[in-house]
Asker: 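My structure is below; once you've seen it, I'll send some questions.
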Amino acid sequence: MIEIRRQKVARLRELGVNPYPYSFRRTMNTAGLLDGFDARIDGDPVAVAGRLMAIRPMGKAVFAHLQDEGGRIQLYFKKDEIGEAAFAILELLDLGDIVGVVGVPMRTRTGEATLSVRSFQLLCKTLRPLPSVKEKDGQTFDAWEDVEARYRRRYVDLILHPERRRVFEARARLITGLRRYLDERGFLEVETPVLQAIYGGAMARPFTTHHNALDMRLFLRIAEELPLKKLLVGGFERVYEIGRVFRNEGMDRNHNPEFTMLEFYWAYADYRDAMDLVEDMVRAAVTAAAGSNVVEYNGHAIDLGAPFARRSMVELIQEHTGVDVLTAPVDGLRALLIKGGVTVAKFAERGHMIEALFDLAVCPKLVQPTFVTDHPLAISPLAKGHRDRPTELAERFELFIDGREFGNSFSELNDPIDQRRRFEDQARLREAGDDEAQVLDEDFLEAIETGMPPAAGVGIGIDRLAMLASGAPSIRDVLLFPHMRPEEGRATSDESGDA
RNA sequence: GCGCCGCUAGCUCAAUUGGCAGAGCAACUGACUCUUAAUCAGUAGGUUGAAGGUUCGAUUCCUUCGCGGCGCACCA
């Protein structure tokens, strides 16, 4: 089939037609044309451009549909009107070709808004056919719904399903909303390294890569946290970064190996201040993206307009299981988890078990926006101890919606001696087999030793917010090019690819 | 990583207990100057995801592998 198209390209060139010209001046798009269409009928010719999505030849006349970013319009080509030579070129066009047309607005006998074509120009000859999808009266025939192909060939998905674009527009509005919100409050957007000699700032396994000139292993960042805190040391008081982070873990409808995270750091504030800000910011940004502060998600009406619940983790677990996790014997917690079908790692301490118990018994029930506060200190190595229970709990919160985490925040630990001790605890866990434990970062400690103001820090997963704002059930629906395994037999770059 | 399900023409899907791989659309040729899932006549299109096995014979049964979906685990 591609061979036939190649031959058409050759024939077009023989006819003196450049199948790939440089530009086309259009006077409007289809949306603009259709707006007040009847006033334009039989008026001045207009020029539009787009992709041919339907062609209905009728002998010496051809009807077609042209699709651009704004929508579709029917085209009517008449041999008498465009001439013999142009009609011959028209007959070499295929579904999917991109053309520019000049025509006069008219309505057909059945009333459809149509452009009566006076002249047209081929703007791009396509070699590869589009799936043929037809529709009538809002009913679609042979819809292109292969999910795998949809993600691998997103461009085809976008051509065939222009409405899919709305999700990505909502995502863009969300990010713009977050950015505007922080900018208006004096936060400065910065960019910090993605390639790092040492990774940190979150509990996760990293991707590794290699720097040839330095002949050293590098990691792709798993969080933005540590460099941003160095900026607090340097005197920036309100900074944020919206960027890609990478975690070498499983993929599913909530996880992609690379995802977008917003982190902000706010000097002289604590996690309670951050909670107020996050609540207001998330409400504003999702409302901007979704057009409402109540969003339908996973069968629930999520109300972002109402005040977000604020509950401590310990209190929630007590409420759902009757167990006081701070006083219950560790063996009892372990037994409870095993009974719940959770595999408990050998190195697990009370803190890990509290978190696991929370994930098991409480997390799925948090449908409406809820700030879960005051996590175990042991699982929060970068957070300050809680002012009321400094040896057991951290000043930390996570935002949960529909049973999933959307954000994480703490009163940032700025006591360098305590921070070093926490890193050493993490190192011990790593020895014991916890490969997500954080690595001691001497550079970072040196910065903290130089003095970091008290501050609140927040991390928010943008992709999940985008899912919430657009009603998308899978993270792949809010990523234009979600990560996929390469197709069999399709080449991947080899490791010696130094340029 | 584990479990279940799927993979047939460019697209959407058929194929009886294991018995000649088919249809619609798209494509190609021809007819048709207000059609709209245009219509009509004709043509071509396939290593049935890959490899192996059982069998006279495999799209169908078995094994392994690849890719995907869903669920679980890990995590955001």
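As the structure is a prediction and not an experimental result, all values here were calculated from the model. To find a chain, count down the sequence lines: A is the first, B the second, and so on, and within it residues start at 1.
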Asker: Quickly work out the K136(A) NZ to G24(B) P distance and round it to whole Å.
Answerer: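 So the two atoms are 19 Å apart, to the nearest Å.
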Asker: Counting only side-chain heavy atoms from C-beta out, which of G68(B), C25(B), U35(B) sits nearest to K134(A)?
Answerer: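 Nearest listed nucleotide: C25(B).
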Asker: Please evaluate the base of U35(B) for a donor-acceptor partner in the side chain of Q74(A) within a cut-off of under 3.5 Å?
Answerer: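 Pair found.
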Asker: What's the gap between U48(B) and C7(B) when it is taken at their C1' atoms, as a whole Å value?
Answerer: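 Per the computed distance, 10 Å lies between those C1' atoms.
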Asker: Do K384(A) and E412(A) meet the salt-bridge criterion of a basic N to acidic O distance under 4.0 Å?
Answerer: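 Here E412(A) does not pair with K384(A) in a salt bridge, since their nearest N and O are not under 4.0 Å apart.
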Asker: Please evaluate the base of C74(B) for a donor-acceptor partner in the side chain of D252(A) within a cut-off of under 3.5 Å?
Answerer: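 Under the 3.5 Å cut-off, the side chain and the base do form a donor-acceptor pair.
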Asker: Could you measure between the two P atoms, the one in A38(B) and the one in G24(B), and give it in whole Å?
Answerer: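 The answer is 16 Å between these two P atoms.
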Asker: Identify whether the distance between the nearest side-chain nitrogen and carboxylate oxygen of D97(A) and K8(A) falls below 4.0 Å.
Answerer: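 The answer is no: the pair does not qualify as a salt bridge.
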Asker: With a 4.0 Å cut-off on N to O distance, would you call K60(A) and D80(A) a salt bridge?
Answerer: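 Result for this pair is no, no salt bridge flagged.
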Asker: To the nearest angstrom, how far is R253(A) atom CZ from A73(B) atom P?
Answerer: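 For the pair R253(A) CZ and A73(B) P, the rounded distance is 14 Å.
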Asker: Could you check, using the six-membered ring where one of them is a Trp, whether F371(A) and F397(A) have ring centers closer than 6.0 angstrom?
Answerer: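 Between F371(A) and F397(A), the centre distance is under 6.0 Å.
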Asker: Are E148(A) and R153(A) ion-paired here, with the side-chain N under 4.0 Å from a carboxylate O?
Answerer: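 No.
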Asker: Tell me which nucleotide among C74(B), C70(B), C34(B) gets nearest to the side chain of M58(A).
Answerer: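 Among the listed nucleotides, the one closest to the side chain of M58(A) is C34(B).
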Asker: Quick one: do D38(A) and R107(A) make a salt bridge, cutoff under 4.0 Å?
Answerer: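 Looking at D38(A) and R107(A), the cut-off is met.
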Asker: Starting at CD of E258(A) and ending at C1' of A76(B), how long is that distance when rounded to a whole Å?
Answerer: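 In whole Å, A76(B) C1' and E258(A) CD are 14 Å from each other.
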Asker: Rounding to the closest angstrom, what is the interatomic distance between G1(B) and U16(B) at atom P?
Answerer: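 My reading of the P atoms in G1(B) and U16(B) gives 35 Å.
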Asker: Give the rounded distance in Å between these two atoms: CD1 of I460(A) and C1' of A76(B).
Answerer: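 From I460(A) CD1 to A76(B) C1': 12 Å.
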Asker: With a centroid cutoff of 5.5 Å and a plane-angle limit of 30°, would you call F63(A) stacked on A38(B)?
Answerer: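 No; centroid distance or tilt outside limits.
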Asker: May I have the distance from N248(A) (atom CG) to C74(B) (atom C1'), rounded to whole angstrom?
Answerer: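 Value for this atom pair: 12 Å.
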Asker: State, with a plain yes or no, whether a side-chain heavy atom of T260(A) is found less than 4.5 Å away from one of D463(A).
Answerer: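 With C-beta onward as the side chain, the pair touches.
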Asker: Check every atom of C74(B), U33(B), A26(B) against the side chain of E436(A) and return the nucleotide holding the closest atom.
Answerer: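 Between C74(B), U33(B), A26(B), the one nearest the side chain of E436(A) would be C74(B).
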Asker: Dump the pairs, protein N or O against N or O of nucleotides 28-31 of chain B, anything under 3.5 Å, distances to one decimal.
Answerer:
unit_1 : atom_1 : unit_2 : atom_2 : d
C28(B) : OP1    : K8(A)  : NZ     : 2.2

Asker: Between I55(A) and N256(A), which is nearer to the 5' end of RNA chain B once each is assigned its nearest nucleotide?
Answerer: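 Mapping each residue to its closest nucleotide by heavy atoms, the 5'-most match is I55(A).
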Asker: Taking the side chain of R56(A) as heavy atoms from C-beta outward, which of A38(B), C34(B), A76(B) is closest to it?
Answerer: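 The answer is A38(B).
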Asker: Is the CZ atom of R56(A) crowded by more than 12 outside heavy atoms at less than 6.0 Å?
Answerer: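 More than 12 heavy atoms, drawn from other residues, nucleotides or ligands, come within 6.0 Å of this atom.
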Asker: For a quick check of understanding: with a heavy-atom distance under 4.0 Å over all strands, which category does M484(A) fall into, base, sugar-phosphate or nothing?
Answerer: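 It contacts sugar-phosphate atoms only.
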Asker: Counting primed atoms plus P, OP1 and OP2 as sugar-phosphate and everything else as base, spell out the protein contacts along nucleotides 9-15 of chain B at 4.0 Å heavy-atom distance: B, S or - for each nucleotide, 5' to 3'.
Answerer: -BSS---
Asker: Could you state the CG-C1' distance from N254(A) to C72(B), rounded to the nearest angstrom?
Answerer: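 Distance check: N254(A) CG to C72(B) C1' gives 13 Å.
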Asker: I'd like to know if R430(A) pairs up with E436(A) as an ion pair, taking the criterion as any Lys NZ or Arg NE/NH1/NH2 lying under 4.0 Å from an Asp or Glu carboxylate oxygen.
Answerer: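 Looking at R430(A) and E436(A), the cut-off is not met.
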Asker: Taking the same atom, C1', in U60(B) and in A27(B), what whole-Å distance lies between them?
Answerer: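 It works out to 30 Å between them.
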Asker: Using the C1' atom in both, what is the distance from C25(B) to G6(B), to the nearest Å?
Answerer: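 Comparing C1' positions in C25(B) and G6(B) gives a spacing of 23 Å.
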Asker: Please classify the nucleic acid contact of R152(A) as base, sugar-phosphate, or nothing, using heavy-atom distances under 4.0 Å.
Answerer: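 Sugar-phosphate, backbone atoms only, no base.
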Asker: Starting at atom CG of L337(A), determine the distance to atom P of A73(B), rounded to an integer number of angstrom.
Answerer: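 Checked: the CG to P distance equals 13 Å.
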Asker: Is a salt bridge present between R244(A) and E258(A), judged by a nitrogen-to-oxygen distance below 4.0 Å?
Answerer: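 A salt bridge is present here (some side-chain N lies under 4.0 Å from a carboxylate O).
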Asker: Expressed as a whole number of Å, how far does the P atom of G53(B) sit from that of U39(B)?
Answerer: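 Those two atoms are separated by 48 Å.
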Asker: Can you tell me how far C1' in U8(B) sits from the matching atom in U59(B), rounded to whole Å?
Answerer: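 After rounding to an integer number of Å, I get 7 Å for this pair.
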Asker: Below 4.0 angstrom, N of the basic side chain to O of the carboxylate: do E398(A) and R396(A) qualify?
Answerer: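 Salt bridge flag = yes for R396(A) with E398(A).
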Asker: What's G461(A) touching, base or sugar-phosphate or nothing? Going by heavy atoms closer than 4.0 Å.
Answerer: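 Answer is nothing: G461(A) stays at 4.0 Å or more from every strand.
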Asker: Report the residue (H483(A) or I475(A)) whose heavy-atom-nearest nucleotide on RNA chain B is the more 5′ of the two.
Answerer: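 The 5'-side residue here is H483(A).
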Asker: Figure out the CG/P separation between D97(A) and A27(B), and round it to whole Å.
Answerer: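 Those two atoms, CG and P, are 11 Å apart.
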Asker: Determine, for E189(A) against R179(A), whether the closest basic-nitrogen to carboxylate-oxygen distance falls under 4.0 angstrom.
Answerer: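 Yes, this pair counts.
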Asker: Are the aromatic rings of F400(A) and F406(A) close, with centres under 6.0 Å apart?
Answerer: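 Ring centres of F406(A) and F400(A) not closer than 6.0 Å.
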Asker: Rounding to the closest angstrom, what is the interatomic distance between A58(B) and U54(B) at atom C1'?
Answerer: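 Rounded to whole Å, the distance is 10 Å.
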Asker: Once pairs are restricted to Watson-Crick or G-U wobble with both distances under 3.5 Å, how does RNA chain B read as a dot-bracket string, [ ] for crossings and | for other-strand pairs?
Answerer: (((((((..((((.....[..)))).(((((.......))))).....(((((..]....))))))))))))....
Asker: Indicate, with yes or no, if the rings of Y240(A) and F264(A) have centres closer together than 6.0 Å.
Answerer: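 No: the rings miss the under 6.0 Å criterion.
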Asker: Please confirm whether the shortest side-chain N or O distance from R485(A) to OP1 or OP2 of C67(B) is below 4.0 Å.
Answerer: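 Yes, because at least one side-chain N or O of R485(A) sits under 4.0 Å from OP1 or OP2 of C67(B).
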